[in-house]
Structure formats: structure tokens, C-alpha cells
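Note sheet for the following structure.
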Amino acid sequence: MRLVGNDSAAELYAQNQARTCGEVGIEYRLHRLPEGSGFEEVAGRVLLLNEDESVRAIMVHLPLPTGVDVERVQSLIAPDKDVEGVNPANIGNVVYGRRSLVPCTARAVVELVEASGVTLRGAHCVVVGASNIVGKPVAVLLMRAEATVTSGNKFTRDMAAIARTADVLVVAAGVQHLVKADWIKPGAVVIDVGIHRKLDASGVTTTSGDVDFEAVRQVAGFITPVPGGVGPMTVAMLLRNVADACLR
Ligand code: NAD
């Protein structure tokens, strides 16, 4: 695992990973590169770790320094060590339904949907947000479960009306409290992927999601909170991917 620079969210994520790996007996090594490292340094480290047989799993912490092409770096990670599932080869395998390391947030979302007990085959699933790392792989995984899937993005007209038809609503738009109670079909499953951290004047940090949790929980049949929902499940899925990568 590697980290460039001093981003505080990445530092926190790395600390959580190190602690969780320690708890389950996975050896975790954080490779720090100096602030201002260029593509050659980042790519070189990834290629070295690809070749190192003692390394089973690689993830690159974001953000990378300005000017370093994230997708180019991600596509260099050996697909069988790519435990975040960010190499396009792994995303392609997800589309084809082949055995592969699935992007861990998308895997976490589907685990949570399944835990609700909803029958996905024939259900209408609406995914708000269509990024490469969350929205698109979630939509593909739900399609693989033979749900009827609608993908929305910031240009979608009347997202709320579409959301109201959803048996399962997954929200990954990155817009705090975008989804209100009147977006929800009564009894629907609502999965909130968004993460928004705010530091108030007294120095207290609060975390919330893309869903107005208190209002929506009155209407939904099942809802995941932020914090405490998709976030910890994503870490669990990352570790599951590490175990899968080792077993191969
Ligand atoms: P992104 O910015 O890459 O993509 C956002 C997507 O949402 C885009 O497709 C955009 O068109 C769409 N969108 C934006 N506003 C919209 C609107 N009003 N209506 C409909 N669609 C809209 O974001 P991302 O990387 O997919 O992340 C989304 C959120 O999920 C962020 O809050 C991020 O912090 C969080 N996230 C959480 C985890 C986790 O493990 N819990 C992992 C990754 C991202």
C-alpha cells in the first residue's frame, strides 16, 4: 500500500486499514513517497510491488499529486493484486461476470442490499451517481443479479421522480443530503454511499451522507447510516479482496 504526501483523509484511511489488518493478522506495509513525487516514482513503486512475490495485495491511496495520471497508475497494478478493483481489467471482468477482484465499495453496497433480504431479480434498482469507482460498478453488479437498473447522473431530469419508483435506491452522488423523504417509495431499501465531513467552530467533526437520514428512515424499509454503513463495510470488503488475492 502506498501514500504520497500528507492528505489527512488518506492518513486516517491508512491508519484504519493498518489497525484492521493487524486485528485479522494481515501484514500491512505503507510505502510513503515524498510530496511532489512524479509519475515515474509512483509507477516505479507499483511495478516493484507487482514483481515482489511476498506482496499479495496493492492499493494506491488517493489523491496523487497534481499531474500524476491516476488512471494510468491504477492500470499498472497487477490485476491479481489489485484489491480495490481499480484496474480496468478487473472492471471489465465485472462486466463479463468473470472471477475478479470487484471494486470494494461496490461490493460493500451489494452485500448490504442482499443483507436487507430484498429479492434483486426483477426489482427496480436506481443508482444515483455514475462514477467509475462506485456508481457504474454498482449498476453492473445489480444487473448481474438480474435487477432492472436505472443509472442517474447530475444531468438526469427529475431524479427524484425516478428515485420514487425504486425498490432499491443506491446514492453515490457526493452531494450532502441530496435525497429527501419524498424521493423514497415506502418500504424501499436505501443505501447511502456519500461521505461528508465537517469541522464545526468548536473543533468537533461531524460526518453525514448523501441521504437525509432522519427524514428518509421514516419512509424506507431498510437504510444504511453514515457513518457506520457503507464505510466500514468497504473496509471489510477490501480485506475480503486481500484474502481472495492470497488464495489465488
Ligand atoms: P464522483 O464525484 O466521482 O461522481 C459523482 C457522480 O454523481 C457523478 O456521476 C455525477 O454525475 C453524479 N451526481 C452528482 N450530483 C448529482 C445529482 N444532483 N443527481 C444525480 N447524480 C448526481 O463521486 P464518487 O467518487 O462516486 O463518490 C460519491 C460519494 O461517495 C462521495 O461522497 C464520496 O466521498 C463517497 N464515497 C464513499 C466510499 C465509501 O467507501 N463509503 C467510497 C467512495 C466514495
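One-based numbering, in listed order, for ligands and for the atoms of each.
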For this session: Measure the spacing between CG of Leu142 and NE2 of His124 and express it to the nearest 0.5 Å.
Result: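 It is 10.5 Å, given to the nearest 0.5 Å.
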Exercise. Can you tell me how far the CD1 atom of Ile26 sits from the CG atom of Leu239, to the nearest 0.5 Å?
Worked result: 5.0 Å
Problem set entry | Selection from Gly129, Pro103, Ala108, Gly194 by shortest heavy-atom distance to atom 7 (O) of ligand 1 |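 Heavy atom nearest to atom 7 (O) of ligand 1 belongs to Gly129.
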For this session: Counting heavy atoms only, name the option from Thr156, Val109, Ile195 that's nearest to atom 34 (O) of ligand 1.
Result: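 Among Thr156, Val109, Ile195, the closest heavy atom to atom 34 (O) of ligand 1 belongs to Ile195.
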Protein heavy atom at shortest distance from [atom]:
| atom | value |
| --- | --- |
| atom 43 (C) of ligand 1 | Val134 CG2, 3.7 Å |
| atom 5 (C) of ligand 1 | Ala173 O, 3.6 Å |
| atom 31 (C) of ligand 1 | Gly174 CA, 3.6 Å |
| atom 11 (O) of ligand 1 | Lys154 N, 2.9 Å |
| atom 42 (C) of ligand 1 | Thr105 OG1, 3.3 Å |
| atom 20 (C) of ligand 1 | Asn153 O, 3.2 Å |

Where ligand 1 meets [X] - atom numbers and elements under 4.0 angstrom, heavy-atom basis:
| X | result |
| --- | --- |
| Val128 | 20 (C), 21 (N) |
| Val175 | 15 (N) |
| Thr234 | 39 (C), 40 (O) |
| Val230 | 41 (N) |

Less than 3.5 Å between some nitrogen or oxygen of [X] and one of ligand 1, yes or no?
| X | result |
| --- | --- |
| Gly135 | no |
| Ala130 | yes |
| Ser131 | yes |

Given side chains that start at C-beta, do those of [X] and [Y] come closer than 4.5 Å, heavy atoms only?
| X | Y | value |
| --- | --- | --- |
| Val235 | Tyr13 | yes |
| Arg248 | Leu101 | yes |
| Ile91 | Lys136 | no |
| Lys185 | Leu169 | no |

Exercise. Under 4.0 angstrom from atom 2 (O) of ligand 1, is there any protein heavy atom?
Worked result: no
Problem set entry | Distance flag for atom 18 (N) of ligand 1, protein heavy atom under 4.0 Å | yes
Would you say the side-chain atoms of [X] pair up with the backbone N or O of [Y], donor to acceptor, closer than 3.5 Å?
| X | Y | answer |
| --- | --- | --- |
| Asn241 | Val83 | yes |
| Thr224 | Asp192 | yes |
| Glu41 | Gly38 | yes |

Exercise. Pick from Gln176, His177, His196: which one makes a side-chain hydrogen bond (donor to acceptor under 3.5 Å, both in side chains) with Asp210?
Worked result: His196
Problem set entry | Presence of salt bridge, Arg32 and Glu11, under 4.0 angstrom |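 Yes.
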Exercise. Which of these passes salt bridge (charged side-chain N to carboxylate O under 4.0 Å, His left out) with Asp244: Arg99, Arg56, Arg107?
Worked result: Arg107
Problem set entry | Heavy atom of Val193, distance to ligand 1 below 4.0 Å |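 Under 4.0 Å: yes for Val193.
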Problem set entry | Within reach of ligand 1, part of Leu178 (heavy-atom separation under 4.0 Å) |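 The answer is the side chain.
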